[in-house]
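These numbers come from a predicted model, not from an experiment. Note: hydrogens, waters and symmetry copies are ignored here, and every other heavy atom, side chains too, is used.
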Amino acid sequence: MIIKKLNRILLTAAFIGLLNSCNQELDISTKGQATPVVFAVINPEDSIHSIRISRSFKGNADASILAQNSDSICYDTLTPKLEFYTKAGWKYHEINFLPVQNSTREVGYFSSLGLQLYQFHSKIADYFIKGTHVVLNIPEGPQQEKITAIAEYIEPPKIFAPKQGLHTNLDFYPVSVEVSFEDPPEFARYELHVMFHIKSIKKSGDTVLQTIDKTFTRDSGNDGKAREYSHLSILVPGDLILAQVRQEVMKDNEVDYRLFDRMEFILHTGSAEFYHYIDLNRISDDYGGQIVTNITGGLGVFALKFQTKVTNIFLGPITMDSLMYGRYTKHLNFKNW
């Protein structure tokens, strides 16, 4: 009984202290030059490419006030471009990004107003050739100071198995499906996305499409070998896929039945700059708080993202039977039609 009373006293004291601390304003301000902040991760296979450009803010006012002022964190209209250079240094193409006015952003600590987003609408995979160096070039200020960054195009890793076909049936039982692919020395990490597409047929006759994404992550195992001598494999167990289906597909009384549509294996990776930016900034305190960036004249990251895929994967009879009658998904009323 004495211990319970003591706990109540301690909790009450802690609560009062928290209320008092909330009443105190935290005044954060500093002086100096604003710094450009750039985030640009380009996937050549995408049809819409985006670059976000903002700036750090400094001043005598409280940081919470400055953050809500769009002039503090945004530039006037800039003219960012991607420039393509051959291995020998010859420029052979460039892409100009256009500003997106009033782009939708979540309301939060920073102002949701102002110009930060720039886009280019077109698939650009054909512009990349072996040995290409891509330069992000952003003139800024009255003197047109350059904010620049460089990324090298690396041919995406090839998937060896399963092979691409017109219609490939795979069973995940009793042995897991093995996805094997190249592991070039230039890449640090891989994400394999197993995309499971289904159709829900409603009693009204409407069809609802849904995709379940089960992701497997692997670090590179390359110790300096040429890409043709370094391979990685990821085992994809059927139970993990069906358990993911159970987790994401909700039972719905309005659904008459469900159909399996198809599967895809999509392998994502990226240039080393991106993973260095993510990993090293997580432990930047170990470097005296130094920020990791590959942007010259600013902060942030510019990197290329790559993907390889195998499509038109269908379930074999054993796995299809588990989808319809197995412990994970039998309540979802899948049909084999």
For the student: nearest non-hydrogen atoms of [X] and [Y], plus distance:
X: M250; Y: Q247; answer: CE-O, 3.0 Å
X: A149; Y: I295; answer: CB-CD1, 3.7 Å
X: S50; Y: L117; answer: CB-CD1, 3.9 Å
X: N222; Y: S220; answer: N-OG, 3.1 Å
X: L332; Y: V249; answer: CD2-O, 3.7 Å

statement: D219 meets the side-chain contact (heavy atoms from CB on, under 4.5 Å) criterion, sequence neighbours left out, with R189
- line: Across all chains, not counting sequence neighbours, the side-chain contact (heavy atoms from CB on, under 4.5 Å) partners of I150 are H133, V135
Heavy atoms, side chains only, cut-off 4.5 Å: are [X] and [Y] in contact?
X: V38; Y: I51; result: yes
X: Y75; Y: P36; result: yes
X: L235; Y: V177; result: no
X: L78; Y: E140; result: yes
X: P162; Y: F265; result: yes
X: I124; Y: I95; result: yes
X: T211; Y: F196; result: no
X: F172; Y: L240; result: no

- request: Starting from the C-alpha separation in whole Å, work towards a yes-or-no answer on side-chain contact (heavy atoms from CB on, under 4.5 Å) for Q210 and E248.
  value: CA-CA 9 Å; Q210 184 176 356; E248 296 191 29; 4.3 Å; yes
If hydrophobic clusters are built by linking Ile, Leu, Val, Met, Phe, Trp and Tyr wherever their side-chain heavy atoms come under 4.5 Å apart, do [X] and [Y] end up in the same one?
X: M320; Y: I318; result: yes
X: L192; Y: I212; result: yes
X: Y328; Y: I198; result: yes
X: I138; Y: L304; result: yes
X: I266; Y: L170; result: no

Applying side-chain hydrogen bond (donor to acceptor under 3.5 Å, both in side chains), can you list everything that pairs with [X], at least two apart in sequence or on another chain?
X: S322; answer: none
X: T86; answer: none
X: H193; answer: E191, D213, T215
X: T148; answer: none

Short N-O contact, D239 and R327, less than 4.0 angstrom: yes
- prompt: Quick one: do K91 and E83 make a salt bridge, cutoff under 4.0 Å?
  reply: yes
query: Does the pair Y325 and F334 meet the rule for a ring pair (Phe, Tyr, Trp, His ring centres under 6.0 Å), with working shown?
result: CA-CA 8 Å; Y325 307 114; F334 276 93; over 10 Å; no
Donor-acceptor contact present, side-chain [X] to main-chain [Y], <3.5 Å:
X: T319; Y: G316; answer: no
X: D183; Y: G221; answer: yes
X: D171; Y: Y173; answer: no
X: S54; Y: Q116; answer: no
X: S230; Y: P184; answer: no
X: S180; Y: S233; answer: no

message: Side-chain heavy atoms under 4.5 Å apart, restricted to Ile/Leu/Val/Met/Phe/Trp/Tyr: what other residues fall into the cluster of L259, or is it alone?
response: I201, Y257, W337
Among I53, T77, T79, the one residue meeting side chain to side chain contact (heavy atoms under 4.5 Å, CB included) with P99: T77
field: Pairs involving residues 261-272, ordered by first then second residue, that meet side-chain hydrogen bond (donor to acceptor under 3.5 Å, both in side chains) (sequence neighbours left out)
entry: H197-E264, S271-E273
Which residues satisfy the salt bridge (Lys or Arg N to Asp or Glu O under 4.0 Å) test with [X], sequence neighbours excluded?
X: K81; value: E94
X: E45; value: K123
X: D223; value: K225

message: salt bridge (charged side-chain N to carboxylate O under 4.0 Å, His left out), that's the test. Do E182 and R227 meet it? Break it down for me.
response: CA-CA 6 Å; E182 282 184 314; R227 65 189 299 155; 3.1 Å; yes
message: Using the rule given for side-chain contact (heavy atoms from CB on, under 4.5 Å), can you reason through V208 versus K202, listing the C-alpha separation, both sets of side-chain angles and the distance that settles it, and then say yes or no?
response: CA-CA 8 Å; V208 178; K202 293 200 168 187; 3.8 Å; yes
message: Please evaluate residues L315 and L323 with respect to the criterion side-chain contact (heavy atoms from CB on, under 4.5 Å), reporting the C-alpha separation (whole Å), side-chain torsions for both, the decisive distance (0.1 Å), and the verdict.
response: CA-CA 9 Å; L315 299 182; L323 179 65; 4.0 Å; yes
query: Taking the six-membered ring for Trp, is the centroid-to-centroid distance between F216 and Y190 below 6.0 Å?
result: no
field: CA sep, side-chain torsions, deciding dist, call: Q164, T311, side-chain hydrogen bond (donor to acceptor under 3.5 Å, both in side chains)
entry: CA-CA 7 Å; Q164 179 66 61; T311 60; 3.2 Å; yes
- line: So ring-ring contact (aromatic ring centres under 6.0 Å, His included) across residues 293-322, not counting sequence neighbours, yields Y153-F306, H167-F314, F187-F306
task: Decide ring pair (Phe, Tyr, Trp, His ring centres under 6.0 Å) for F84 and F128; before the verdict, give the C-alpha distance in whole Å, the side-chain angles of both, and the deciding distance to 0.1 Å.
output: CA-CA 8 Å; F84 294 76; F128 291 84; 5.1 Å; yes
- prompt: Would I241 and V236 satisfy side-chain contact (heavy atoms from CB on, under 4.5 Å), going step by step from the backbone distance to the final call?
  reply: CA-CA 8 Å; I241 303 301; V236 181; 3.8 Å; yes
message: Ring-plane angle category for F274 and F39, please: parallel below 30°, perpendicular beyond 60°, tilted otherwise.
response: perpendicular
query: When rounded to the nearest 0.5 angstrom, what is the spacing between NZ in K214 and CE in M263?
result: 12.0 Å
field: Over 12 non-hydrogen atoms of neighbours within 6.0 angstrom of CD in E254
entry: no
- prompt: So, R258 versus S200: side-chain donor-acceptor pair below 3.5 Å or not?
  reply: yes
